[in-house]
K.L.:
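So that we are looking at the same thing, I have put the structure below in structure tokens.
FYI, the numbering just counts along the sequence from 1. None of the values given here were measured: they were computed from a predicted structure.
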Amino acid sequence: MPTYTLREWETLPHGEGDGCIPEHFAERLAAFARKSTFAGSGGGVLEDRRHELRARGVVGVLTTDECSLEILPKIDVEVQGAEAMQNAAIRKRLVHMLAVALDLKIETGQITELDWQRETLLEILIRIFCSKLTDAVRRGMPRRYIVQEDDLAALRGSLDLPRQFTRHAANPSRLTCKFDELSEDIALNRIMKATVAHLFRMSRSASNQQRLRELAFVYSDIADVSVSVLKWDEVVIDRTNRIWQELFGMAELFLRSRYQTTSAGAGRGTALLFEMNTLFEEYAGRLIKRALARTEYRVSLQGGRRFCLTSLDDESAAFQTKPDILIWRARQVVHVIDTKWKRISSRIDDRKQGVSQGDVYQMMAYAQLYCAPRLTLLYPHHPGLGATELVQARHRITGQTTTLEIASIDVANGGNIIDRIQSLLLSSELAAELSV
């Protein structure tokens, strides 16, 4: 099956040569993309132009029964060489972002550099899941006591008197028993089995399919439950099954619409998609939480929820706000951060740096509602901004003491990123407060 790769906001022309996609493949992919839950946000997943496909701000993998399309984020990696090597580096950074955003520990040490180059993001994630699940089941499946009811010849557990006198009143040789039995057929194992089956339908890699077949055999005695009726809230992760925490998180990644959407249809295909705006917001928020974990400051994501307007007639509120990141000191908001997955320009090229007027108005509203002395619009860093990341520009809101910063973080460089985030958070006014 042919696989095509492009980066967000780039195009893939129709055609039969290298770097092109046959028109009928493009039509199938575009039709499938229109069925995604992201189809109505920001222009959807793909633009089906007259002579080309154009990716938008959603990344991941779309697979039909004829071909597969991988969309990678536009991350400026410092890798020289062939495009395959650059794509491999981008896949690594995207997996890292997913691990941080989903609070997972995803080990990639067993994946070779050649694997990163030739496998799609989907196949890499499936391989990681299979490796972790294989290691876990070798230690033994989790089991829990489940209440069972059965008609037995001898008493086991307790006698269910109402059922006994209604069902077996004339046959005392059978006893209606209620008892606890240690079982592997529990919610967590059912979720793992459903994930294995789902990934087998998604994977196009022969090696991954073999791994999934072996895992399906291990789960053969676990009940088959459709994804729509899986009982996620019945899963209990405690000290006895802590090793399953990461696997449970990855199962949510594949089966639940948390930061992405997965879908499957007979003869249509499968998709694993992530909206980069949402992923970058969660990624940055998690990093900021880690950076301030040992300070007197508290971080909340998508918090606040204060309203812009209150009716003079009935005191009802309207236009609720949801700042991406709030930093609190005691009960006072001291810093509001809003993330934007878009490329800004340097101050030399554009005094406004491409920051939209609407974003500035939004931050001014946050300053008014949350009485925050410091505001930050946070963007991904890129080489066009120069070697210095973090604060690109500082402004003061006219007539106020509130500071609005334009800042960037380098998602392509994972080394000491927590230290770099701390440098951003502990600068200027906040640094003075924390040094006391």
Side-chain angles (χ1 to χ4, degrees), residues 1-10 12 18-19 21 55 58-63 67-136 199-200 202-212 214-215 246-247 249-250 253-254 260 270 272-274 276 279-280 283 287 380-383 387 389 409-420:
M1 174 185 291
T3 299
Y4 305 89
T5 298
L6 76 160
R7 300 176 193 175
E8 55 177 340
W9 307 110
E10 293 185 352
L12 185 63
D18 292 339
I21 182 171
V58 176
V59 303
V61 179
L62 288 163
T63 301
C67 66
S68 180
L69 175 67
E70 178 187 39
I71 306 172
L72 296 177
K74 199 172 182 63
I75 298 175
D76 296 288
V77 292
E78 297 179 359
V79 174
Q80 304 296 325
E83 184 177 7
M85 297 175 62
Q86 296 179 12
N87 289 342
I90 293 175
R91 291 185 190 108
K92 291 180 183 179
R93 297 312 306 155
L94 181 54
V95 169
H96 169 73
M97 291 180 70
L98 288 170
V100 172
L102 297 171
D103 199 20
L104 301 175
K105 294 179 181 178
I106 298 181
E107 299 87 4
T108 59
Q110 295 182 352
I111 302 178
T112 67
E113 190 62 33
L114 185 59
D115 292 329
W116 284 107
Q117 293 182 33
R118 67 185 180 185
E119 298 283 5
T120 66
L121 170 69
L122 173 61
E123 301 297 348
I124 288 171
L125 289 174
I126 292 175
R127 178 170 171 178
I128 292 170
F129 176 80
C130 289
S131 177
K132 292 175 74 70
L133 185 57
T134 300
D135 290 342
L199 295 181
F200 185 79
M202 296 183 74
S203 178
R204 297 297 182 269
S205 164
S207 58
N208 276 343
Q209 288 183 340
Q210 178 60 31
R211 295 184 182 100
L212 291 165
E214 294 170 357
L215 288 167
E246 310 298 329
L247 286 160
M250 293 194 75
L253 169 70
F254 291 119
Q260 44 78 44
T270 58
L272 179 69
L273 300 172
F274 306 87
M276 284 306 300
L279 180 58
F280 180 58
Y283 173 72
L287 290 176
H381 191 76
H382 60 86
E389 54 174 331
I409 57 171
D410 189 358
V411 298
N413 180 11
N416 67 349
I417 191 166
I418 295 296
D419 293 339
R420 304 199 312 268

K.L.:
With heavy-atom distances below 4.5 Å as the criterion, would you say the side chains of E123 and T120 are in contact?
P.N.:
yes
K.L.:
Donor-acceptor check, side chain of R420 to backbone of N413, threshold 3.5 angstrom: yes or no?
P.N.:
yes
K.L.:
Where is the tightest heavy-atom contact between L104 and G249, given as atom of each residue plus distance?
P.N.:
CD2-CA, 3.8 Å
K.L.:
With sequence neighbours left out, write down each residue that passes salt bridge (charged side-chain N to carboxylate O under 4.0 Å, His left out) with R211, or none if nothing qualifies.
P.N.:
none
K.L.:
Shortest non-hydrogen contact from L94 to P73?
P.N.:
CD2-CD, 3.7 Å
K.L.:
Are side-chain heavy atoms of T63 and M1 found at a separation under 4.5 Å?
P.N.:
yes
K.L.:
What's the separation between atom CZ in F254 and atom CG in L272, rounded to the nearest 0.5 Å?
P.N.:
6.5 Å
K.L.:
Could you walk me through whether S207 and S205 pass the side-chain hydrogen bond (donor to acceptor under 3.5 Å, both in side chains) test, one step at a time?
P.N.:
CA-CA 6 Å; S207 58; S205 164; 3.0 Å; yes
K.L.:
Given side chains that start at C-beta, do those of L69 and I21 come closer than 4.5 Å, heavy atoms only?
P.N.:
no
K.L.:
Which residues pass the side chain to side chain donor-acceptor pair (under 3.5 Å) test with Q86, not counting sequence neighbours?
P.N.:
R7
K.L.:
In this structure, which one of Q117, E70, E119 forms a side chain to side chain donor-acceptor pair (under 3.5 Å) with R91?
P.N.:
E70
K.L.:
Hey, could you give me the CG/CE distance between L133 and M250, rounded to the nearest 0.5 Å?
P.N.:
10.0 Å
K.L.:
Can you give me the closest heavy-atom contact between K132 and L247, atom names plus distance?
P.N.:
CB-CD2, 3.7 Å
K.L.:
Taking all atoms of both residues into account, what is the closest heavy-atom pair of M97 and I75, and its distance?
P.N.:
SD-CD1, 4.3 Å
K.L.:
Please determine whether side-chain contact (heavy atoms from CB on, under 4.5 Å) holds for the pair R93 and V411, giving the CA-CA distance in whole Å, both sets of side-chain angles, and the decisive distance to 0.1 Å.
P.N.:
CA-CA 7 Å; R93 297 312 306 155; V411 298; 5.7 Å; no
K.L.:
For a quick test of reading the model, state the closest non-hydrogen atom pair linking L212 to I126 and the distance between them.
P.N.:
CD1-CG2, 4.1 Å
K.L.:
Which residue is it: L122, L125, N208? I am looking for the one with a side chain to side chain contact (heavy atoms under 4.5 Å, CB included) to M202.
P.N.:
L122
K.L.:
Before giving the answer on side-chain contact (heavy atoms from CB on, under 4.5 Å), spell out for D115 and R127 the whole-Å C-alpha distance, their side-chain angles and the decisive distance to 0.1 Å.
P.N.:
CA-CA 10 Å; D115 292 329; R127 178 170 171 178; 2.8 Å; yes
K.L.:
Partners of D419 by side chain to side chain donor-acceptor pair (under 3.5 Å), sequence neighbours excluded?
P.N.:
none
K.L.:
Working to the nearest 0.5 angstrom, can you tell me the gap between H96 NE2 and Y283 OH?
P.N.:
3.5 Å
K.L.:
Does any N or O in the side chain of E8 come within less than 3.5 Å of the main-chain N or O of I71, such that one atom is a donor and the other an acceptor?
P.N.:
no
K.L.:
Rounded to the nearest 0.5 Å, what separates atom CD in Q210 from atom CG in L215?
P.N.:
10.0 Å
K.L.:
With a 6.0 Å cut-off (strictly less than), is the heavy-atom count around CD of E83, excluding the residue itself, greater than 12?
P.N.:
no
K.L.:
Consider side chain to side chain contact (heavy atoms under 4.5 Å, CB included). Of T5, T3, L62, which one does S68 pass it with?
P.N.:
T3
K.L.:
For the residue pair K74 and M276, establish whether any side-chain heavy-atom pair is separated by less than 4.5 Å.
P.N.:
no
K.L.:
Taking atom CG of D103 and atom CD of E246, what is their separation to the nearest 0.5 Å?
P.N.:
7.5 Å
K.L.:
Supply the atom-to-atom distance I106 CD1 to I111 CD1, rounded to the nearest 0.5 angstrom.
P.N.:
9.5 Å
K.L.:
What is the minimum heavy-atom distance between D76 and P383, and which atoms define it?
P.N.:
CB-CD, 3.5 Å
